[in-house]
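Let me begin by presenting the structure, written as structure tokens, before commenting on it.
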Amino acid sequence: MDNSIKKIAVLGSTGSIGQQTLDVICALNTRFRVIGLTGGNNVGLLERQIREFGPEMFYSSARLDFDCGSKFFSMEEIASHPDVDLVVVATSGKEGLNPTLAALRAGKTVALANKEILVMAGGIITREASLHNTEIRPIDSEHSAIWQCLRGEESKPQKIFLTASGGPFYHYSQSQLSGVTVQQALAHPTWKMGKKITIDSATLMNKGLEVIEAHWLFDIPMDSIEILIHPQSIIHSMVEFVDGSLKAQLSFPDMRLPIQYALCYPDRLSNLGLPRLDMNQIQSLKFDLIELNKFPCLTLALNAGRQGGTYPAVLCAAGEVAVGLFLNGRISFTDIAVIVEEALEQHQSIGEPSVEQILAADIWARECVRRLRVK
Ligand code: MG
């Protein structure tokens, strides 16, 4: 095989980021070859992807009953397989944690979309990456923007401005927020994403997770990261240097661009499938200050990130269960924060936790939310 062809494993290939990753790979098909695909319950889609891309390896958490010529492996085996050059981690929640560790320990480059992994275990993940002399490339649009702005810079940024669209309810009053429907919460104004992250964007939980993610990725204190409301989602983030100079990355809001950048780095390639910004159409760029008290999930996330230990794992797990309950019509939109807060309050955190302790905190949080619901 041509050595210039990069061999890719996509973990979570049936999710929103996984599908868009395969879309980028199709558009730039002379550069990449898909070696492994992993999926969850969407068996039909995984089957179609396996037929289209013909990976050597696949993993499915649900049963796959067809002869695809592809061999079944665990996610860890796929992530660390000698044939793989780059692992795209597009799983959700804690699911990708062990496979990401396996990839880093095998010296693979990891393109990371699954932010909970850094939120839960940022210290362990970054330590393993530097120990094995490998890199974590961000796929999250804000973090890709920061990464692009820092490229070629010798000095560390003094401050990071993480932009946030504010979600669909930024102008809602407190009473309006409690009556928000699932359908309203799933209608994000600028980004097309999976359900869980769309709800997290509406509660601004997502932005809190992103502050923690940026802290670990760029080794910058959480208090040097400022959230700036930018409803147009054109500036994907900015960095400020010690001399007062600011750099920003602007592009049409489409996740395929940060995915492509992470796959192709250090190259930039033309992809005619990607929409472009028309600067003549943009009259002005709008910013607003964040109103923290309106979005308690954001405050909870920032506090959990500052406290560290196993609090961030509880934040992620309780948040995931609470969002699931909201999507199933069992709790109101504002109950999401109430549930997460209660779980965090009841939790006894462990400092400098191991992976096992982090995963145990995740299980504890899920049970805690179940107990709270029964009460
Ligand atoms: Mg983001």
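Note that ligands are numbered from 1 as they come in the structure, with each ligand's atoms numbered from 1 the same way. These numbers were taken from a predicted model, which means no experiment stands behind them.
- Side chain of Asp85 to backbone of Ile8: no donor-acceptor contact under 3.5 angstrom is found.
- No side-chain donor-acceptor contact under 3.5 Å links Glu128 to the backbone of Ile125.
- Looking only at atom types and distance, the side chain of Glu210 has no donor-acceptor partner in the side chain of His143 under 3.5 Å away.
- Side-chain contact check for Ser251 and Gln249: at least one donor-acceptor pair (N or O, by modelled atom type) lies under 3.5 Å.
- By the side-chain hydrogen bond (donor to acceptor under 3.5 Å, both in side chains) test, Asp223 is found to be paired with Arg306, residues two or more places apart in sequence or in another chain being considered.
- Ion pairing between Arg370 and Glu367 fails under the 4.0 Å rule for side-chain N and carboxylate O.
- Below the 2.8 Å limit, the Mg ion (ligand 1) has as protein N, O or S neighbours Asp140 OD1, Glu142 OE1, Glu210 OE2.
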